[in-house]
There are 2 protein chains.
Amino acid sequence: MPAHAKGDKVDTSIQRPSAAPLTERQEARRRRILHASARLASRGGFDAVQMREVAESSQVALGTLYRYFPSKVHLLVATMQDQLERMHGTLRKKPPAGDTPAERVAETLMRAFRALQREPHLADAMVRALTFADRSVSPEVDQVSRQTTAIILDAMGLADPTPQQLSAVRVIEHTWHSALITWLSGRASIAQVRIDIETVCRLIDVTEPEPGARE
Amino acid sequence: MPAHAKGDKVDTSIQRPSAAPLTERQEARRRRILHASARLASRGGFDAVQMREVAESSQVALGTLYRYFPSKVHLLVATMQDQLERMHGTLRKKPPAGDTPAERVAETLMRAFRALQREPHLADAMVRALTFADRSVSPEVDQVSRQTTAIILDAMGLADPTPQQLSAVRVIEHTWHSALITWLSGRASIAQVRIDIETVCRLIDVTEPEPGARE
DNA sequence: ATCAAGTCTGAAACTTGTTCTAGATTAGCG
DNA sequence: CGCTAATCTAGAACAAGTTTCAGACTTGAT
């Protein structure tokens, strides 16, 4: 991974939610870039997202692209944030129908999974970037993680989950990412992914504080 | 990831367990390469494993290195296989002391985790390679997965696990990999990893087929 | 020992992520 | 409007993974 990308330099980058409100033209550039990224990723996955092409395709100089997204991984993780938000919106509209929290979470995740199936290359690019991200991308990856957590908690539909349930959610996220990877790299079938998801979702019920139940 | 590594060419590669018994000198070369790979990885993780350096350091031409391991990811996954075998051997010697299968698995994984902690850069390189691997590395990644499964089953110490328990093992593996990644990229503490491991290990007991017994 | 086939070597070439530079453009401000 | 600082552009340059190739070396069979 060509990255003499180390040095400490003055940070002139865009992005941090702190300063820099982004002018209109800048916002537009950012959108164009993310759009181009997603488009290329949909075509051929991680490898097909080539920085020069993204730049050209979004009518932006290569240097500018790097100013908006300091690396290919940053770009793809941002793309994932973008898509996740979209998906969270969609999922919100039709809440899952299951009776137990576990069922609802499993249903939601499988629904998300089917959505990813429709654009497997895009999914590949995003997930590979996510797991390949090193420390320099931590904030962005964390953001994705929080968003995922939010989706799961939404699906559970519990007002305030117990600490055990939060642990279960963490484990569900782990499983979700890892299962996705095994599927994307062709080492697990969709059926297998479903089983894994359903299996891990049991943890929610298990950790539910049922007074009077001998655990 | 510079990889115009697509074309279909006659496969002259070493490695496949099928043919090619590997002469002594070849076996030696292979060892030197894996050793160099591990050494460089221990220094600086994924980025520090540079193919030119591995080649030089193992006294082998670059072309030869690529003949033994068709990509950097292949090399690092092979390195992982190597280390995993070593670790399985070590773990076997002192079986975990817990009372329940879940406890034993958690104990074993935490032990493995501490071993990885001792060489965090090496762990980084191997795990990143593993999750970044695409379809062309599936066989090797699968092998690593089987080895991991074997370690977990060993720790459980059950003669023939139920299908549910096998599912649990799969989920444990998912969690293990993903938790490792979050730790390696500094997004989770060791304590957090322990909690995640212990949480997911409950699935084993939950899925235990105890007729009439609440353990 | 000899020959063919298969390997290994060294070096150059190619690809793609990333950085750098010099000169246009743009934005905000007085 | 006229500045100044920040931003953007085009394009060259650099790093590291990967491929290629010609020639030297090994190996195995005869």
Side-chain angles (χ1 to χ4, degrees), chain A residues 1-15 19-30 32-33 37 40 44 46-56 58-76 125 128-129 132-134 136-137, chain B residues 1-15 19-30 32-33 37 40 44-56 58-76 125 128-129 132 134 136-137:
Chain A
M1 189 117 296
H4 25 164
K6 289 297 149 78
D8 29 24
K9 50 183 180 196
V10 231
D11 180 359
T12 57
S13 93
I14 305 276
Q15 266 305 88
L22 280 237
T23 76
E24 211 165 302
R25 293 164 57 90
Q26 287 177 321
E27 193 55 55
R29 269 188 208 103
R30 186 161 193 284
R32 285 207 305 280
I33 293 173
S37 168
L40 289 172
F46 191 89
D47 290 342
V49 180
Q50 303 194 353
M51 299 305 268
R52 283 175 242 265
E53 263 202 78
V54 173
E56 188 175 352
S58 49
Q59 309 266 172
V60 134
L62 190 54
T64 305
L65 171 52
Y66 272 96
R67 180 198 255 287
Y68 280 72
F69 302 97
S71 80
K72 175 168 171 172
V73 168
H74 280 86
L75 170 58
L76 284 171
R128 296 266 286 291
F132 193 64
D134 67 1
S136 72
V137 203
Chain B
M1 188 121 290
H4 25 161
K6 288 297 149 79
D8 30 24
K9 49 182 181 193
V10 231
D11 181 358
T12 58
S13 94
I14 305 276
Q15 264 307 87
L22 280 238
T23 76
E24 212 164 303
R25 292 163 56 87
Q26 287 178 321
E27 192 55 55
R29 267 187 209 104
R30 187 162 192 283
R32 284 206 306 280
I33 293 173
S37 167
L40 288 173
F46 191 90
D47 290 341
V49 180
Q50 302 194 353
M51 299 305 268
R52 284 176 241 265
E53 261 201 81
V54 172
E56 188 176 352
S58 49
Q59 309 267 170
V60 135
L62 191 53
T64 305
L65 171 52
Y66 271 95
R67 179 199 257 284
Y68 280 70
F69 302 97
S71 80
K72 175 168 171 171
V73 168
H74 280 87
L75 170 57
L76 284 171
R128 296 266 285 291
F132 193 64
D134 66 2
S136 72
V137 204

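Throughout, protein chains are lettered first and strands after them, A, B, ... in sequence-line order, and every chain is numbered starting at 1. The structure presented is a predicted model; accordingly, all values stated were derived computationally and were not measured.
- Residue Gln26(A) places at least one side-chain N or O under 4.0 Å from the OP1 or OP2 atom of dC8(D).
- With rounding to whole Å, Glu24(B) atom CD is found 18 Å from dC8(C) atom C1'.
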Task: Derivation of the side chain to side chain contact (heavy atoms under 4.5 Å, CB included) call for Leu76(B) and Arg128(B) - done: CA-CA 9 Å; Leu76(B) 284 171; Arg128(B) 296 266 285 291; over 6 Å; no
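- Nucleic acid contact for Glu53(A): none, since no nucleic acid atom lies under 4.0 Å from a heavy atom of the residue.
- To the nearest 0.5 Å, atom CD of residue Glu27(B) and atom CZ of residue Arg30(B) are 6.5 Å apart.
- Closest approach to the Arg25(B) side chain among dT9(C), dT26(D), dG17(C) is made by dT26(D) (side chain taken as heavy atoms from C-beta onward).
- Note: OH (Tyr68(B)) to P (dT7(C)) measures 9 Å, nearest angstrom.
- The CZ atom of Arg52(B) sits 15 Å away from the P atom of dG10(C) (whole-angstrom rounding).
- Between the CG atom of Asp47(A) and the C1' atom of dG17(D) there is a distance of 12 Å, given to the nearest Å.
- Residue whose closest nucleotide on DNA chain D sits further toward the 5' end, between Thr23(B) and Gln50(B): Gln50(B).
- If you take CD on Gln59(B) and OG1 on Thr64(B), they are separated by 12.0 Å, rounding to the nearest 0.5 Å.
- The distance from atom CD of Gln50(B) to atom NZ of Lys72(B), rounded to the nearest 0.5 Å, is 6.5 Å.
- At whole-Å resolution of the value, CZ in Arg67(A) and P in dT18(C) are 17 Å apart.
- Checking dT9(D), dG17(C), dT9(C) against every side-chain atom of Thr64(A), the shortest atom distance belongs to dT9(D).
- As rounded to whole Å, 19 Å separates atom P of dG11(D) from atom CE of Met51(A).
- Between the C1' atom of dT7(D) and the CD atom of Glu27(A) lies a distance of 16 Å, rounded to the nearest Å.
- Every residue two or more places apart in sequence or in another chain was checked for a side chain to side chain contact (heavy atoms under 4.5 Å, CB included) with Glu56(A), and none qualifies.
- Here the CZ-CG distance, from Arg32(A) to Leu65(A), works out to 11.5 Å after rounding to the nearest 0.5 Å.
- Listed nucleotides dA12(D), dC8(C), dT19(D) differ in distance to Leu62(B); the shortest reach to its side chain belongs to dT19(D).
- Comparing the start and finish of the helix from dA1(C)-dT30(D) to dG30(C)-dC1(D), five pairs each, the helix axis swings through 20°, to the nearest 10 degrees.
- Atom CG in Leu40(A) sits 11.0 Å away from atom CE in Met51(A) (nearest 0.5 Å).
- Nearest-nucleotide mapping onto DNA chain C: of Gly63(A) and Val49(A), the residue sitting toward the 5' end is Val49(A).
- Between dT18(D), dT9(D), dC8(C), one nucleotide has an atom nearer to the side chain of Tyr66(B) than all others, and that is dT18(D).
- For the pair Phe46(B) CZ and dA15(D) C1', the interatomic distance rounds to 15 Å; values are reported in whole Å.
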